[in-house]
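Worksheet: one structure, shown below.
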2 protein chains.
Amino acid sequence: MKELLKQNILKHIALSNKEIDSFCNLFNENKVMKKQFLLREGDICKFEGFVTKGLFRIYHIDQNGFEQVLYFAQENWWITDMDSFTNEKPSHLYIQALEDSVVLLISKKDKEFAYNNIPKIEKLFRIMTQKTHISLQRRMIDNLSKTADQRYIDFIEKYPNLFQRLTNLQIAAYLGISHEFLSKIRRKIASKK
Amino acid sequence: MKELLKQNILKHIALSNKEIDSFCNLFNENKVMKKQFLLREGDICKFEGFVTKGLFRIYHIDQNGFEQVLYFAQENWWITDMDSFTNEKPSHLYIQALEDSVVLLISKKDKEFAYNNIPKIEKLFRIMTQKTHISLQRRMIDNLSKTADQRYIDFIEKYPNLFQRLTNLQIAAYLGISHEFLSKIRRKIASKK
DNA sequence: TTCATTTATTGAACTTGTTCAATGTTTTGT
DNA sequence: ACAAAACATTGAACAAGTTCAATAAATGAA
């Protein structure tokens with residue numbers, strides 16, 4: 001049941017059986033039904049999670065009530081509000097299941113325990129954080145330099161699987177455009193084929 | 001001469017004198033004259049750096065020849081292309097001094113040495129990477145949800161010091177707008193006062 | 001100081017994306 | 001299978017931001 005998690009970790013770093021087992025044992029399985037929230041604005045994020053089934057959206061609601069999706073997390077992705085979790089302060093984010101999902105959660109206390117007792121875990125999260133930072137940096141550049149059409153096309157190419165599972169509403173919120181405009185982009189693309 | 005660096009590190013993590021000295025000794029001081037480059041697209045980034053004097057821009061040039069500034073690094077800031085440095089692959093970024101500057105550089109080899117011989121350094125960079133990730137995430141949300149006017153006002157409030165030292169051209173490239181439009185924003189704001 | 005270069009401002013025409021309201025389509029829960 | 005809700009599409013009017021070209025102002029190197 002924690003096979004996916006183990007494989008995911010081993011992609012980043014080499015660990016002995018003992019190390020990986022004792023780390024994975026700190027995670028607990030949770031089911032989250034579609035539309036339920038793992039985190040809401042104002043909550044303090046008490047967990048770091050790894051998705052083994054289903055799909056989540058991590059988003060923010062701005063002053064005008066518009067939702068911005070920071071990222072989607074499907075099977076094999078990690079989810080948390082790093083700011084709220086590490087600094088133990090109220091979150092600005094929502095984490096909601098878009099499908100019936102299963103997620104493995106580790107508490108802050110247990111993660112601290114792992115940092116202090118399994119030295120390589122520090123390295124693991126240093127590497128993982130670097131990787132997520134690198135991809136966010138790429139997305140930042142893309143958002144600054146590319147037009148919405150191109151960002152949509154890139155999204156489909158990069159995440160064909162997510163594209164199938166998401167509504168246009170969600171994709172628009174990720175691309176940072178209105179869903180009406182996304183609809184017009186789709187029409188334009190369709191007419192070109 | 002490495003006092004700034006030591007102070008900066010101690011803000012993130014507690015280290016013994018011995019630990020911090022042996023780490024800081026791995027850095028070498030470099031002078032970089034205004035307009036000179038520390039890194040160009042295509043180069044493999046061989047260093048991680050800490051600015052003790054001056055100001056740098058870290059930017060990207062897109063398909064249309066437009067420059068997007070990822071961030072500015074003044075005194076007390078770290079600079080690198082994390083992707084290129086950690087994965088030893090050609091960079092997509094430019095790092096250029098905007099003023100006569102001084103930067104402390106550490107090589108990949110020496111950083112690996114530190115990771116392996118000073119266990120807390122792993123934690124230090126895990127924490128620092130988390131912090132930069134958190135602020136990039138905030139900027140991502142702002143870029144998706146705020147209008148250029150507001151982003152400009154926010155920038156001035158958040159970095160009054162940088163605002164003084166940068167041309168509008170550079171600020172526009174950071175905000176992701178044309179410098180002509182920035183000029184119009186400035187006029188609008190000025191007329192409201 | 002001078003002249004060349006870089007930076008900043010402005011206006012007009014244009015493109016990209018938003019808003020709102022109406023309508024049609026698909027999903028979902030029971 | 002049905003009604004309700006959520007999602008998608010469309011058009012028209014609008015707002016935000018770009019582009020281009022011209023001019024002015026500031027900076028920098030000799």
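Being a predicted model, the structure only gives us computed values, none of them experimental. Quick note: numbers below take in every heavy atom, side chains included, and nothing from hydrogens, waters or symmetry partners. Below, chain A is the first sequence line, B the second, and so on; all start at residue 1.
For L182(B) and dA16(D), the CG to C1' distance is 14 Å, given to the nearest whole Å. The interatomic distance linking N64(B) (CG) with dT19(D) (C1') rounds to 13 Å, in whole Å. Atom CZ of F181(B) is separated from atom P of dA13(C) by 18 Å (rounded to the nearest Å). Q170(A) has its CD atom 7 Å from the P atom of dC7(D), to the nearest Å. One interatomic measurement links the two molecules: CZ of R57(A) to C1' of dC7(D), which rounds to 13 Å at whole-angstrom precision. Distance, E180(A) CD to dA8(D) P: 11 Å, rounded to whole Å. Separating the OH atom of Y152(A) from the C1' atom of dT16(C) is a distance of 18 Å, rounded to the nearest angstrom. Note: NE2 (H179(B)) to C1' (dG17(D)) measures 14 Å, nearest angstrom.
Between K123(B) and E122(A) there is a salt bridge, since at least one side-chain N of the basic residue sits less than 4.0 Å from a carboxylate O of the acidic one. The existence of a salt bridge linking D154(B) and K146(B) is confirmed by a sub-4.0 Å separation between a basic side-chain nitrogen and an acidic carboxylate oxygen. Between D100(B) and K53(B), no side-chain nitrogen of the basic residue sits less than 4.0 Å from a carboxylate oxygen of the acidic one, so the salt-bridge criterion is not met.
Minimum atom distance to the side chain of F66(A) is reached by dT19(C), of the listed dG17(D), dT19(C), dA8(D). Nearest to the side-chain atoms of A148(A) among the listed nucleotides dG11(C), dG17(C), dA16(D) stands dG17(C). For T167(A), the side-chain atoms get nearest to dC7(D) when compared with the rest of dA12(C), dG17(C), dC7(D). Considering only side-chain atoms of L169(B), the nucleotide from dG17(D), dG17(C), dT7(C) that sits closest is dT7(C). The K184(B) side chain lies nearest to dT10(C) when the options are dT10(C), dT9(C), dT9(D).
Proximity of T147(A) to the phosphate of dT15(C): no side-chain N or O atom is located under 4.0 Å from OP1 or OP2. For the OP1/OP2 pair of dG11(D) and a distance below 4.0 Å, the side-chain nitrogens and oxygens of R187(A) include at least one atom meeting the criterion. Residue R186(B) places none of its side-chain N or O atoms closer than 4.0 Å to OP1 or OP2 of dA8(C).
Judged by distance alone, the side chains of S16(A) and E19(A) do bring a donor and an acceptor atom under 3.5 Å apart.
A salt bridge (charged side-chain N to carboxylate O under 4.0 Å, His left out) with E99(B) holds for exactly one of K34(B), R165(B), K35(B), K31(B); it is R165(B). Checking Q137(A), K131(A), R138(A), Q130(A) one by one against D83(B), the side-chain hydrogen bond (donor to acceptor under 3.5 Å, both in side chains) holds for a single residue, R138(A).
Below 30°, between 30° and 60°, or above 60°: for F155(A) and Y174(A) the angle between ring planes is between 30° and 60°, a tilted geometry.
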Mind listing the N/O atom pairs, protein and nucleotides 25-30 of chain C, below 3.5 Å?
| unit_1 | atom_1 | unit_2 | atom_2 | d |
| --- | --- | --- | --- | --- |
| dT28(C) | OP1 | K34(A) | NZ | 2.9 |

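Contacts of S183(B) with the nucleic acid, taken as non-hydrogen atoms under 4.0 Å apart, include base atoms.
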